[in-house]
Amino acid sequence: MVKEGLVYSASNIDPSCIGVDAVGLFSTATGREVTVINDADAAGLGESRFGEARGAMGTVIMLTFGTGIGSALLVDGILVPNVELGQIELSGVKPAEIRYSGKAMTKEGLAWMEWGERANEFITHVNKVFSPRLIVVGGGVVTKWDSFAPAFDPMLPVVAAGLGKNAGIIGAASLVAGLASG
């Protein structure tokens, strides 16, 4: 989580980052104006501005599956920052990303379809809680979309990130260019 340039949590980065004024640190190091955003929030902005969620009204959730589970929540294209769905408890596991992330698949030696069934459990829960218009799946796993997406319930409003694993880079760049809302 990043609030007003300060790092508040560090589930998948070194714990020494907690409490760091990232804006001040990077501004001093570069001599430039800096904006700092959570990586999944940046991916959500990318998809809402240029990808699969472009123009989508209502609630849109971006889930990034990789070393953890990142998430972005957008309402009518406006980012609600720092929604950490990977930190919820699901099926007795807290944080849920321990069982449902791409890292869990690798650690446990799961096949893509086996992992897809797990991801489907997570996405189904998110869908029940938020009833979003759209759930966009991205992160490192998106490059293998065809290997796991058939495990998803066809009634879920799930699509692959249109910007692929570059959604976060594109979303962050849109902030710099002054194109993103939120």
(request) Report yes if the side chains of M105 and W112 come closer than 4.5 Å at any heavy-atom pair, otherwise no. (result) yes
(request) Measure the shortest side-chain to side-chain distance between L90 and R99 over non-hydrogen atoms and say whether it is less than 4.5 angstrom. (result) no
If Ile, Leu, Val, Met, Phe, Trp and Tyr residues are connected whenever their side-chain heavy atoms lie under 4.5 Å apart, and connections chain through other members, are [X] and [Y] in the same group?
X	Y	answer
L45	V2	no
I69	L73	yes
V83	V75	yes
V36	L79	no

(request) Could you list all the ring pair (Phe, Tyr, Trp, His ring centres under 6.0 Å) pairs where at least one residue sits in residues 76-105, not counting sequence neighbours? (result) Y100-F122
(request) Please answer whether the main-chain N or O of G24 pairs with a side-chain N or O of D21 as donor and acceptor at a distance below 3.5 Å. (result) yes
Atom [atom1] in [X], atom [atom2] in [Y]: separation rounded to 0.5 Å?
X	Y	atom1	atom2	result
I123	I61	CD1	CD1	10.5 Å
R49	L163	CZ	CG	12.5 Å
M62	E52	CE	CD	10.5 Å
H125	E121	NE2	CD	11.5 Å
K94	Q87	NZ	CD	7.5 Å
L175	T35	CG	OG1	6.5 Å

(request) Any chance you could lay out the side-chain contact (heavy atoms from CB on, under 4.5 Å) test for L74 and V80, step after step, and finish with the verdict? (result) CA-CA 6 Å; L74 297 113; V80 178; over 6 Å; no
List the atom of [X], the atom of [Y], and the distance in Å for their closest heavy-atom pair.
X	Y	answer
S101	G68	CB-O, 3.6 Å
F26	T30	O-OG1, 2.7 Å
S71	L63	CB-CD2, 3.9 Å
G77	S48	O-OG, 4.3 Å

(request) Give a yes or no on whether E89 atom CD has more than 12 heavy-atom contacts from other residues, nucleotides or ligands under 6.0 Å away. (result) yes
Only pairs under 3.5 Å count here: list side-chain donor-acceptor contacts from residues 126-147, not counting sequence neighbours, and write none if there are none.
{"from": "R133", "atom 1": "NH1", "to": "M57", "atom 2": "O", "distance (Å)": "3.3"}
{"from": "T143", "atom 1": "OG1", "to": "G140", "atom 2": "O", "distance (Å)": "3.3"}

Output a table of donor-acceptor pairs, distance under 3.5 Å, between side-chain atoms of residues 37-44 and any protein atom two or more places apart or on a different chain; print 'none' if there are none.
{"from": "N38", "atom 1": "OD1", "to": "A40", "atom 2": "N", "distance (Å)": "2.8"}
{"from": "N38", "atom 1": "OD1", "to": "D41", "atom 2": "N", "distance (Å)": "3.1"}
{"from": "N38", "atom 1": "ND2", "to": "E84", "atom 2": "OE2", "distance (Å)": "3.2"}
{"from": "D41", "atom 1": "OD2", "to": "N82", "atom 2": "N", "distance (Å)": "3.0"}

